Amino acid sequence: MKNKYSSLNTIKQLWPFISPNKKALIVAIIALLLNAATDATLISLTKPLLDNGLMDKNYDILVLFSIGIIGLIALRGLSNFCSTYCLSWLSGKVVTKFRQLIFNHLIKSPTSFLNKNPIGELVTVITYNTQLLSKASSDALIILVREIAYAIGLGIVMFYGNWKLASVLIIVVPVVIFIVQFIAKKFRHALISMQKGIGTITTAADEMMKGHKEILVYNAQKYEKENFYTINKIFRQGLLKIVLVSGLSSPIIQLVATTALGLILFLVANQTLDITPGSFTVVFSSMVAMMRPLRELTSVHLELQKGSVACESLFALLNTPLEEDNGKIELKGLEYDIVFHHVTYTYPTNSSPSLKNISFTIKQGETVALVGRSGAGKSTIASLLPRFYDILKGEILIDSIDIKQYTLRSLRDQIGYVSQQVHLFNGTIADNIAYGAKNRYTRQDIIEAAKQANAMEFIDKLENGIDTEIGDNGILLSGGQRQRIAIARVLLRNNPILIFDEATSALDNESERLVQQAIERLQKNRTSIVIAHRLSTIEKADRILVIDGGQLVEDGTHQSLLSQNGLYASMYQLQFNS
Ligand SMILES: Nc1ncnc2c1ncn2[C@@H]1O[C@H](COP(=O)(O)OP(=O)(O)OP(=O)(O)O)[C@@H](O)[C@H]1O
Ligand SMILES: [Mg+2]
């Protein structure tokens, strides 16, 4: 097959995940073979049972049979249980490993990758595709091993029963193989589109819940409902196509096989075949029993297709590039300065640059404010320093060394960052303040940081204090409360470089003044970048950089910029007058 993700290839790619648990696989295969053998033996027993036992009235044989059959059935049940258990255990292991691997990969993926890909589709890969892969591969294995062995066993039983009769039936095999291959090809396309469909459904449902308030206030329920209806319908149609293909395949194959069966009856009726009741029953029931492996082997192709399609998207995701982390130097703190040197940055999804040839220096200990109109590029500047995005043109230096030469971990360890869209994690307030480093700080440290961020004032009023659960993304808190938690997070960590992107924008004047005091206390001996629209909060900054249209247009202190009478002065006038 020319497809790179053919079933065989899938198995090859999966092998490293399975091989550590080879033993379970071997036990399962032995159990499956045993299971097929007992089935075939049971059928083959009908010949001596009829010819010798019943026809010849040999009752000793019948007694022997009754014991033998019980033993065989017990063996059949045991082997069935054994194979199912071992395979479930194994596929559980594989799925868990895959999920973890993908989760680990996504965590290390660049921000730009996550910006580009709908979250719903990525979640689908983690939840659905891994499950699909495991189910498909264990089902496929069961079918491949057991049913092939069963079919071979039945074949032997048939030839042993009556070779002439059996030869007639063998003609069916190539016809069945041809049909199977034809169906498999059709099936693959339907599967791929269905998998995409699940991703879109997840995305749409996720958006509906996250944007619930917007939907309500814009009266967009009807629009969203219709949108979802369309997505849902497309998915249903895709699913139906799959059912159509797989549903038609079994009857067609059974029809072919039954025709062969009819042929036998015809031959027997014409007395072309000389046959005993025992061998006729054996061949006949073998043929009927052969339906199961034939049917299953058609569906195995489909299962394998399902597995390989799931596998394709899993490996495609695992092969996307990770965040670049080739630096070797450990950054221990900031001694001299941070330098942006002719930095130009274009987001991967955009065609024009968001930052154009920006150069400035921030000395150790300085507080520098970034101001400018909305969309000017302030947040973009702030997100380049922790390397959320990597620049291709220009350089960003910390203590004269390109930030790419530092290890990502040590670089980010130096930076305290309050983003414009604060994200809080599902958990308690204390968990969120000490996020990712709970064992490094005591309860007292956490409370102290919360006090400094002026957050204790509202936390104290909550029933469980800092142990209060705040819900998904801190939904149970107000905007200003969330910001104060985020500020407490930074205060606790004590990093030498601080970035506050609109960190106090959601606070009232009084709270802002208090939090501002805490921030100012923190800024002593530290280097900070503050972004604010409310210019009154940054008047005291050592320097103010005015950004406009991705360019640095003014640079100076509050006083010097006012006297320059440029963009800053006009922005200030506008705010001051209102
Ligand atoms: N993740 C992103 N992907 C693509 N383009 C982006 C992304 N973030 C920002 N941009 C674009 O980059 C430009 C600068 O955005 P940025 O967020 O830096 O502005 P800002 O000065 O922080 O504005 P605001 O004051 O509104 O926060 C904008 O034109 C915006 O459309
Ligand atoms: Mg911004």
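Just so you know, residue 1 is the first one in the sequence shown, and it goes up from there. Computed from a predicted structure; not experimentally measured. One-based numbering, in listed order, for ligands and for the atoms of each.
Polar contact check, G372 against ligand 1: no nitrogen or oxygen pair lies under 3.5 Å apart.
Distance alone, capped at 3.5 Å, places no donor-acceptor pair between the H558 side chain and the L535 backbone.
Inter-residue side-chain proximity for F228 and I201 is flagged as met; some heavy-atom pair is nearer than 4.5 Å. Looking only at side-chain heavy atoms (C-beta outward), I18 and W15 come within less than 4.5 Å of each other. Between I485 and F458 there is a side-chain heavy-atom pair separated by less than 4.5 Å. Counting heavy atoms from C-beta on, the side chains of L318 and I102 come closer than 4.5 Å. Side-chain contact between L101 and F17: present, with at least one pair of heavy atoms (C-beta onward) separated by less than 4.5 Å.
Residue contacts with ligand 1, taken as heavy atom pairs separated by less than 4.0 Å, do not involve F388 at all. Here H533 has side-chain heavy atoms under 4.0 Å from ligand 1, and that is the only part of it that gets that close. Under 4.0 angstrom from ligand 1, the non-hydrogen atoms of S379 come from both its backbone and its side chain. Under 4.0 Å from ligand 1, not a single heavy atom of T111 appears.
When all heavy atoms are compared, the tightest approach of S359 to L552 is O-CD2, 3.2 Å.
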Step by step, work out the salt bridge (Lys or Arg N to Asp or Glu O under 4.0 Å) result for D467 and R443. CA-CA 10 Å; D467 298 313; R443 249 181 110 73; 3.0 Å; yes
Check step by step if salt bridge (Lys or Arg N to Asp or Glu O under 4.0 Å) holds for D548 and R373. CA-CA 7 Å; D548 198 32; R373 287 186 261 250; 3.1 Å; yes
Stepwise, does the salt bridge (Lys or Arg N to Asp or Glu O under 4.0 Å) test hold for E366 with R543? CA-CA 8 Å; E366 258 186 338; R543 259 167 61 225; 3.0 Å; yes
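Taking atom 26 (O) of ligand 1 as the reference point, the nearest protein heavy-atom neighbour is S374 OG, 2.6 Å. Scanning all protein heavy atoms for the shortest distance to atom 28 (C) of ligand 1 gives G375 O, 3.8 Å. The closest protein non-hydrogen atom to atom 5 (N) of ligand 1 is N350 ND2, 3.0 Å. Nearest to atom 9 (C) of ligand 1 among the protein's heavy atoms is Y347 CE1, 3.5 Å.
Distance screen at 4.0 Å: atom 24 (P) of ligand 1 has a protein heavy-atom neighbour inside the cut-off. Within the 4.0 angstrom cut-off, atom 30 (C) of ligand 1 has no protein heavy-atom neighbours.
If you number the atoms of ligand 1 from 1 as listed, the ones under 4.0 Å from a heavy atom of Y389 come out as 1 (N). For ligand 1, the atoms lying closer than 4.0 Å to a non-hydrogen atom of S354 are 11 (C), 12 (O), 13 (C). Residue-ligand proximity, N115 to ligand 1, at heavy-atom distances under 4.0 Å covers atoms 1 (N). Near T349, with a cut-off below 4.0 Å to any heavy atom, the atoms of ligand 1 are 3 (N), 4 (C).
Considering K108, R412, R409 as possible partners of E323, the one that fulfils the salt bridge (Lys or Arg N to Asp or Glu O under 4.0 Å) test is R412.
Enclosure of atom CZ in F425 by more than 12 non-hydrogen atoms of other residues, nucleotides or ligands within 6.0 angstrom is indicated.
In summary, Q420 places an N/O/S atom under 2.8 Å from the Mg ion (ligand 2), meeting the contact criterion. The Mg ion (ligand 2) does not have T380 among its coordinating residues (no N/O/S atom, backbone or side chain, under 2.8 Å).
Between atom 21 (O) of ligand 1 and the options Q420, Q421, K378, K116, the minimum heavy-atom separation is to K378. Selection from T346, L355, L114, T380 by nearest heavy atom to atom 18 (O) of ligand 1 gives T380.
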